[in-house]
> 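Structure in structure tokens, see below.
The structure displayed is predicted, hence computed values, not measured ones.
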Amino acid sequence: MVDRPGDASPYDGLLLVSFGGPERPEDVLPFLENVTRGRGVPPARLAEVAEHYAALGGRSPINDQCRALLAAVRADLDASGVNIGVYWGNRNWDPFLESAVREMRADGVRRAAAFVTSAYSSYSGCRQYRENLFDAVAAVPGAPVIARLRQYYNHPGFIGPFVEAACDARQALPAEVRERAVLLFVTHSIPTAMADTSGPDGGWYVEQHRSAAALVAEGVAGRTATARVPWRLAYCSRSGPPHLPWLEPDVNDVLVELAAAKVPAVVAVPIGFVSDHVEVLHDLDTEAAETATRRGIAWARAATPGTHPSFVAMVRDLLLERAAVERGQPVHRASLGHLGAGWDTCDAGCCRNLRGSRGSLGETSAVPSYGGSTGEPA
């Protein structure tokens, strides 16, 4: 991690931006309807997903996880001498982004940096947040100017906690199968059309995940003195209309393939998620774990970054990096792998909205292209 001076100027506010989730049983269906509005998701599918929340007590854990991250970030900034107000707003449920913007305005915040709990390029993972931030600012007269912090899928503060967690999970497997375990990286599936238009020139969602997975696998190999750690990338949580193609293979299908290939154990690494919310707790800890057990595969699941100190410190690093850029100072952008560090502002066509053009925050400059693929070793 780069040690940066604790000067966050010109920013006087930091906004944690997340997806949001219901905290009462009666809010589950309204929340799901809000998330999927205009996407043609069948009511039966919403009812099915609502049962996932019912199994968790009729609520999502994501807001509690955001509260924990918020507290950890505040403590880290205070300990580092960074004097800045820290706020929180959600895209899909209370506390909504507009409320957070109003709170910042009431506190006299003039310029804020926004940290989004989504690490990858896609419409739903990046541009839609920028659209919602644009709408929230437009709805609040005198709102602060908000700048979204860059993506961090290959930042050491994101990769490092996954390496540590994957090693811990691998160690929890029975000793006789541990050395033959496959790392099964899992992320949220999205429509293939969205994946094809992710980033400035398409394909970034999958490419970034492959890069992150390869980096974690490399880190695990280094820590365990293993020449090569086999891995696969799989998807979960498909929610769209049945006739639209989404990214595959599904994690359960991959487990069936691995069982047929006599793979004795897997370490599931939820590389697409920053905390243990419903997709992780249901799709992995419940459904995928049951599939593995039925197929005779030893199963262990790595933790998400959550409030890992390196992940929390990464938020500070990204804030101070962007602040230095705004002050016109040279910066080192921490990143791992061949794709390089993310960009501060997006091209107008980056992760475009396939349903029509909308105003979005943080659009200006051209962004870099990448070349090549990290591949999938397993």
> With a 4.5 Å heavy-atom cut-off, do Asp347 and Asp201 have their side chains touching?
no
> How long is the straight-line distance from OG of Ser60 back to CG of Asp27, given to the nearest 0.5 Å?
11.5 Å
> Please report the closest heavy-atom contact between Val251 and Ala234, naming both atoms and the distance.
CA-CB, 3.7 Å
> Can you tell me if CZ on Arg352 sees more than 12 non-hydrogen neighbours from other groups inside 6.0 Å?
no
> OH/Tyr87 to CD/Glu103 distance, rounded to the nearest 0.5 angstrom?
6.0 Å
> Mind telling me whether Tyr152 and Phe115 have parallel, tilted or perpendicular rings, with 30° and 60° as the class edges?
parallel
> Please confirm whether the backbone N or O of Cys350 pairs with a side-chain atom of Arg127, one donor and one acceptor, at under 3.5 Å?
yes
> CZ of Arg67: more than 12 outside heavy atoms within 6.0 angstrom?
yes
> Counting only N and O atoms by type, is there a donor-acceptor contact under 3.5 Å from the side chain of Ser211 to the main-chain atoms of Glu207?
no
> Between Asn154 and Ala212 (side chain of the first, backbone of the second, donor and acceptor by atom type, cut-off under 3.5 Å), is there such a pair?
no
> Write down the atom of Ser237, the atom of His188, and the distance for their closest heavy-atom approach.
O-CE1, 3.1 Å
> Determine whether the side chains of Asp276 and Thr304 contain a donor N or O and an acceptor N or O closer than 3.5 Å.
yes
> Are there more than 12 heavy atoms of other residues, nucleotides or ligands under 6.0 Å from atom CD of Glu98?
yes
> Rounded to the nearest 0.5 Å, what separates atom CD1 in Ile146 from atom CE in Met104?
4.0 Å
> What heavy-atom pair brings Val278 and Leu56 nearest, and what distance separates the two atoms?
CG2-CD1, 3.8 Å
> As a quick check of understanding, evaluate side chain to side chain contact (heavy atoms under 4.5 Å, CB included) for Arg223 and Glu164, giving each step before the final call.
CA-CA 9 Å; Arg223 285 200 179 199; Glu164 181 181 315; 3.9 Å; yes
> Tell me, please, which residues at least two apart from Phe162 pass ring-ring contact (aromatic ring centres under 6.0 Å, His included).
Phe158
> Find out whether Val312 and Leu69 are in side-chain contact, i.e. whether some heavy atom of one side chain is under 4.5 Å from a heavy atom of the other.
yes
> Which heavy-atom pair separates Ser335 from Ala341 by the least distance, and what is that distance?
OG-N, 3.4 Å
> Which value, rounded to the nearest 0.5 Å, describes the distance between His277 atom NE2 and Thr117 atom OG1?
7.0 Å
> Within a 6.0 Å radius of atom CZ on Arg45, are there more than 12 heavy atoms belonging to other residues, nucleotides or ligands?
yes
> Do Leu354 and Tyr123 have side-chain heavy atoms sitting under 4.5 Å apart?
no
> Is a side-chain N or O of Arg105 found less than 3.5 angstrom from the main chain of Pro141, in a donor-acceptor match?
yes
> Glu33: which residues meet the side chain to side chain donor-acceptor pair (under 3.5 Å) condition with it, sequence neighbours left out?
none
> Salt-bridge test for Arg301 and Asp285: reply yes if a basic N is under 4.0 Å from a carboxylate O, no otherwise.
yes
> Any ion pair linking Asp344 and Arg333 (charged N to carboxylate O, less than 4.0 Å)?
yes
> Once you round to the nearest 0.5 Å, how far does OG1 of Thr224 lie from CZ of Arg170?
4.5 Å
> I'd like to check Val315 versus Asp76 (side-chain heavy atoms, cut-off strictly below 4.5 Å). Are they in contact?
no
> Against the six-membered ring of Phe19, is Arg91 placed for a cation-pi contact (under 6.0 Å from the centre, within 45° of the normal)?
no
> My understanding is that only residues two or more places apart in sequence, or in another chain, count here; which of them pass salt bridge (charged side-chain N to carboxylate O under 4.0 Å, His left out) with Arg74?
none
> Would you name the heavy atoms of Gly13 and Ile84 that are closest together and state the gap between them?
N-CG1, 3.3 Å
> Okay, side chain of Arg295, backbone of Val256: is any donor-acceptor separation there less than 3.5 Å?
no
> Which distance, rounded to the nearest 0.5 Å, do you find between the CG of Leu233 and the CD1 of Ile271?
9.0 Å
> I'd like to check Val216 versus Ile159 (side-chain heavy atoms, cut-off strictly below 4.5 Å). Are they in contact?
yes
> Treating Ile, Leu, Val, Met, Phe, Trp and Tyr as nodes and any side-chain heavy-atom pair under 4.5 angstrom as an edge, say whether Phe96 and Val109 lie in one connected cluster.
yes
> Is the number of heavy atoms from other residues, nucleotides or ligands within 6.0 Å of CG (Asn83) greater than 12?
no
> Do Leu29 and Leu46 come close enough that some side-chain heavy atom pair is under 4.5 Å?
yes
> If we ignore hydrogens and angles and just use 3.5 Å, is the side chain of Ser18 paired with the main-chain N or O of Asn90 as donor and acceptor?
no
> May I have all residue pairs that pass side-chain hydrogen bond (donor to acceptor under 3.5 Å, both in side chains) and include part of residues 134-148, sequence neighbours excluded?
Asp135-Arg358
> Test Leu77 against Leu14 for side chain to side chain contact (heavy atoms under 4.5 Å, CB included), laying out the working first.
CA-CA 10 Å; Leu77 292 172; Leu14 174 66; 4.1 Å; yes
> Val269 versus Trp231: any side-chain heavy-atom pair under 4.5 Å?
no
> Taking Gly199's backbone N and O only, do any of them form a donor-acceptor pair with Ser121's side chain (distance below 3.5 Å, no angle check)?
no
> Holding to side chain to side chain donor-acceptor pair (under 3.5 Å), I want the full list of residues that pass it with Arg355, two or more places apart in sequence or in another chain.
none
> Are the side chains of Trp299 and Leu255 in touch, meaning some heavy atoms are under 4.5 Å apart?
yes
> Could you pull out all residues at least two apart from Asp7 that satisfy side-chain contact (heavy atoms from CB on, under 4.5 Å)?
Ser9, Arg327
> Might you work through the side chain to side chain contact (heavy atoms under 4.5 Å, CB included) test for Val186 and Tyr235, ending with a clear yes or no?
CA-CA 5 Å; Val186 187; Tyr235 301 91; over 6 Å; no
> Answer yes or no: is there a donor N or O on one side and an acceptor on the other, between the side chain of Arg130 and the main chain of Leu361, under 3.5 Å?
yes
> Is Asn34 reaching over with its side chain to a backbone N or O of Asn92, donor-acceptor style, under 3.5 angstrom?
yes
> State whether the side chain of Asn63 and the backbone N or O of Asp94 hold a donor-acceptor pair below 3.5 Å, judged by distance alone.
yes
> Between Tyr120 and His209, is the gap from one ring center to the other below 6.0 Å?
yes
> Just checking, is any N or O donor in the side chain of Asn252 or Thr291 under 3.5 Å from an acceptor N or O on the other one?
yes
> Tell me, with the steps shown, if Trp204 and Cys126 meet side chain to side chain contact (heavy atoms under 4.5 Å, CB included).
CA-CA 12 Å; Trp204 282 69; Cys126 182; over 6 Å; no
> Return the minimal non-hydrogen interatomic distance between Tyr205 and Ser198, and the atom names on each side.
N-OG, 2.8 Å
